[in-house]
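Any value given below was found using the heavy atoms of this structure, including those in side chains, with hydrogens, waters and symmetry copies removed.
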Amino acid sequence: MKVAVIGATGLVGQKMLQVLDEQNLPIDELIVAASEKSVGKKIIFKDKEYTLISVDQAVEEKPNIAIFSAGAEVSLQYAKKFAANGTYVIDNSSAWRRDTDIPLVVPEINASDITVDNHIIANPNCTTICMLMALAPLHRRFNAKRLVISTYQSVSGSGHKGLNQLAAEQRGEVSDNPAYPHQIHENVIPHGGSFSDTGYTAEEEKLMFETNKILHSDIAVTATVVRVPVYGGHSESVNVEFEQQFDIDEVRSILSNASGVTLYDNPSENIYPTPVMAYDKDDVFVGRIRRDFSIEKGLNFWVVSDNIRKGAATNAVQIAKYIIENFGI
């Protein structure tokens with residue numbers, strides 16, 4: 001079993017290596033690749049030293065699985081080259097998510113969308129994964145009709161640039177390579193990704209499109225993305241209107257039994273999810289569950305997850321595990 005991590009020096013790539021170690025996948029040979037400036041550098045995995053190689057060299061190694069976290073441009077350039085060699089590519093960028101021939105997968109929800117012939121599989125956006133882990137089991141029971149989502153996204157979603165900008169500003173310095181067009185320290189920025197002609201940002205459009213692709217649905221979705229001065233963990237306020245009437249106790253029961261979800265909801269005792277409690281955990285945490293009395297079948301809930309783990313690295317490794325277990329590679 002040869003597994004390659006493409007973009008191994010990035011924030012998500014490093015977490016992918018950690019999760020691969022934790023999940024104890026049957027890896028006989030690990031290949032770590034990064035940009036040309038990192039080629040030749042060393043990294044440690046399971047107490048063993050590995051030398052970073054170029055992506056071109058990684059293609060020639062013909063791994064069984066290649067997990068990408070190197071950005072859309074690299075994925076568009078190399079994913080099909082790996083796939084042509086029989087490699088299963090799991091891509092964490094936005095490069096393939098809208099491609100109708102490529103499955104967009106959250107394993108707990110739609111792993112069955114992957115077939116043995118799908119040699120490129122797309123990892124959804126972190127906020128989509130977080131929200132759908134809670135919504136999907138409710139949608140299966142009550143049939144979601146409309147979603148209004150507001151996200152509160154940590155700077156780790158912008159990689160090292162976001163982390164470095166917040167740290168610099170907290171020290172009273174000006175970042176020399178900022179991730180955002182405005183100060184993020186002691187501020188919030190209603191801006192995630194580039195703006196389109198519609199007035200929505202790329203991050204908002206991802207939520208709107210990816211939700212329906214993953215659920216095979218036609219839910220009306222609108223979203224507002226906000227960047228907040230938090231180092232790790234994305235939070236989302238979700239308002240959903242269902243087709244069917246629901247009982248709050250049944251909602252709680254469904255969420256309590258959902259795989260990968262932790263119900264953390266007792267507001268009278270100040271028990272509700274926060275990014276700090278979700279740090280470095282794989283579960284998605286749900287709280288502030290309450291009926292929306294402004295519409296007949298409306299529900300509000302608050303969901304938090306570690307965007308680098310379940311929102312990226314862990315989800316990708318879970319896809320790899322599914323492929324190994326189901327396709328006999």
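- Sorted by first and then second residue, the salt bridge (charged side-chain N to carboxylate O under 4.0 Å, His left out) pairs with a member in residues 5-19 read Lys15-Asp280; sequence neighbours excluded.
- At distances below 3.5 Å, at least one donor-acceptor pair connects side-chain atoms of Gln165 with backbone N or O atoms of Ala179.
- Shown here are the salt bridge (Lys or Arg N to Asp or Glu O under 4.0 Å) partners of Glu243, two or more places apart in sequence or in another chain: there are none.
- Apart from Ile31 itself, the hydrophobic cluster it occupies contains Ile53, where clustering links Ile, Leu, Val, Met, Phe, Trp and Tyr at side-chain heavy-atom distances under 4.5 Å.
- In this structure, Ser253 contributes its side chain and Asp249 its backbone to no donor-acceptor pair below 3.5 Å.
- When the side chains of ILVMFWY residues are joined at heavy-atom separations under 4.5 Å, either directly or via intervening members, Phe209 and Trp96 end up in two distinct hydrophobic clusters.
- Although no hydrogens or angles enter the test, the distance criterion places a donor-acceptor pair under 3.5 Å between the side chain of Thr211 and the main chain of Leu207.
- Between the Tyr88 side chain and the Val116 main chain, a donor and an acceptor come within less than 3.5 Å of each other.
- Looking only at side-chain heavy atoms (C-beta outward), Phe285 and Asp283 come within less than 4.5 Å of each other.
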Show me the side-chain donor-acceptor pairs of residues 313-323 shorter than 3.5 Å, one per line, residues at least two apart or across chains.
{"residue": "Thr314", "atom": "OG1", "partner": "Asp282", "partner atom": "OD1", "Å": "2.5"}
{"residue": "Asn315", "atom": "OD1", "partner": "Lys310", "partner atom": "NZ", "Å": "2.8"}
{"residue": "Asn315", "atom": "ND2", "partner": "Val105", "partner atom": "O", "Å": "3.0"}
{"residue": "Asn315", "atom": "ND2", "partner": "Asn123", "partner atom": "OD1", "Å": "2.6"}
{"residue": "Gln318", "atom": "OE1", "partner": "Lys310", "partner atom": "NZ", "Å": "2.5"}
{"residue": "Gln318", "atom": "NE2", "partner": "Glu108", "partner atom": "OE2", "Å": "3.2"}

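- Taken together through direct or relayed side-chain contacts under 4.5 Å among Ile, Leu, Val, Met, Phe, Trp and Tyr, Ile219 and Ile109 form part of one hydrophobic cluster.
- Listed by first then second residue, pairs satisfying ring-ring contact (aromatic ring centres under 6.0 Å, His included) with a partner in residues 28-85 read Phe68-Phe82, not counting sequence neighbours.
- Atom CG of residue Leu147 and atom CE of residue Met131 lie 5.5 Å apart, to the nearest 0.5 angstrom.
- Listed by chain and number, the residues in a salt bridge (Lys or Arg N to Asp or Glu O under 4.0 Å) with Arg252 are Asp265 (sequence neighbours excluded).
- In this structure, Met1 is a member of the same hydrophobic cluster as Leu20, with clusters built from ILVMFWY side-chain heavy atoms closer than 4.5 Å.
- By the neighbour-count criterion of 12 heavy atoms within 6.0 Å, atom CD of Gln244 is densely surrounded, having more than that number from other residues, nucleotides or ligands.
- By the 4.5 Å heavy-atom criterion applied to side chains, Lys145 and Phe242 are not counted as neighbours.
- Looking at Gln153, its side chain never comes within 3.5 Å of a backbone N or O of Val225 through a donor-acceptor pair.
- Judged by the 6.0 Å distance and 45° axis criteria, Arg290 is not positioned over the aromatic ring of Phe301.
- Judged by distance alone, with hydrogens and angles left aside, the side-chain atoms of His234 form a donor-acceptor pair with the main-chain N or O of Ser154 at under 3.5 Å.
- Taking 4.5 Å as the limit, some side-chain heavy atom of Thr222 sits within range of a side-chain heavy atom of Arg146.
- Under the 4.5 Å side-chain contact rule for hydrophobic residues, Val230 and Leu11 do not share a cluster.
- Residues Glu203 and Thr128 are not in side-chain contact: their nearest non-hydrogen atoms beyond the backbone lie 4.5 Å or more apart.
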*Would you check, one step at a time, whether the test side-chain hydrogen bond (donor to acceptor under 3.5 Å, both in side chains) holds for Asn300 with Asp292?*
CA-CA 6 Å; Asn300 290 301; Asp292 174 5; 4.6 Å; no

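- Using modelled atom types, no side-chain atom of Asn110 and backbone atom of Leu215 make a donor-acceptor pair closer than 3.5 Å.
- The salt bridge (charged side-chain N to carboxylate O under 4.0 Å, His left out) analysis of residues 216-240, with sequence neighbours excluded, yields no pairs.
- Applying the salt bridge (Lys or Arg N to Asp or Glu O under 4.0 Å) rule to Lys297 yields no partners; only residues at least two apart in sequence or on another chain are considered.
- Expressed to the nearest 0.5 Å, how far CG of Leu138 lies from CD of Glu250 amounts to 9.5 Å.
- Partners of Glu210 according to the salt bridge (Lys or Arg N to Asp or Glu O under 4.0 Å) rule, which considers only residues two or more places apart in sequence or in another chain, are Arg97.
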*asked:* Between Asp117 and Thr115, is the side-chain hydrogen bond (donor to acceptor under 3.5 Å, both in side chains) condition met? List the steps.
replied: CA-CA 5 Å; Asp117 296 321; Thr115 72; 4.7 Å; no

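- Atom CD in Glu204 sits 9.0 Å away from atom NE2 in His191 (nearest 0.5 Å).
- Put simply, CD1 on Ile289 and OH on Tyr264 are 13.5 Å apart, with the number rounded to the nearest 0.5 Å.
- Side-chain contact between Leu163 and Ser156: present, with at least one pair of heavy atoms (C-beta onward) separated by less than 4.5 Å.
- For the salt bridge (charged side-chain N to carboxylate O under 4.0 Å, His left out) condition, no pair includes a residue of residues 150-162, sequence neighbours left out.
- For the pair Asn118 (side chain) and Ile121 (backbone), a donor-acceptor distance under 3.5 Å is absent.
- Counting only distance, with no hydrogens or angles, the side chain of His185 and the backbone of Gln170 share no donor-acceptor pair below 3.5 Å.
- Applying the 6.0 Å contact sphere to NZ of Lys80 captures no more than 12 heavy atoms from other residues, nucleotides or ligands.
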*Test side chain to side chain contact (heavy atoms under 4.5 Å, CB included) on Leu52 and Val39 and set out the steps.*
CA-CA 5 Å; Leu52 288 158; Val39 170; 5.6 Å; no

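- Under a hydrophobic-cluster definition in which Ile, Leu, Val, Met, Phe, Trp and Tyr are linked whenever side-chain heavy atoms come within less than 4.5 Å, directly or via other members, Val106 and Val286 are assigned to the same cluster.
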*asked:* Set out, in order, the CA-CA distance, both residues' side-chain angles and the distance that settles side chain to side chain contact (heavy atoms under 4.5 Å, CB included) for Ile43 and Leu17, then state yes or no.
replied: CA-CA 10 Å; Ile43 63 171; Leu17 292 170; 3.5 Å; yes

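- A side-chain N or O of Asn266 and one of Ser268 form a donor-acceptor pair less than 3.5 Å apart.
- Pairs of residues two or more places apart, or lying in two chains, that qualify as side-chain hydrogen bond (donor to acceptor under 3.5 Å, both in side chains) and include a residue from residues 25-42 are Lys42-Thr51.
- Because its NZ or CZ atom is both nearer than 6.0 Å to the ring centre of Phe246 and within 45° of the ring axis, Arg291 counts as a cation-pi partner of that residue.
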*Check the pair Gln18 / Arg309 against side chain to side chain contact (heavy atoms under 4.5 Å, CB included), numbers first and verdict last.*
CA-CA 10 Å; Gln18 178 187 332; Arg309 288 193 67 104; 3.1 Å; yes

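- With Ser196 contributing its side chain and Tyr200 its backbone, the two residues share a donor-acceptor pair below 3.5 Å.
- Pairs engaging residues 60-70 under the side-chain hydrogen bond (donor to acceptor under 3.5 Å, both in side chains) rule: none recorded [sequence neighbours left out].
- Residue Asp99 holds its CG atom at 8.0 Å from CD1 of Ile120, rounded to the nearest 0.5 Å.
- Note that the CD1 atom of Ile189 and the CG atom of Asn187 stand 5.5 Å from one another [nearest 0.5 Å].
- Using modelled atom types, one finds no donor on one side chain facing an acceptor on the other under 3.5 Å when comparing Asp56 with Ser54.
- Residues Thr127 and Ile129 have side chains not in contact (no heavy-atom distance under 4.5 Å, counting atoms from C-beta outward).
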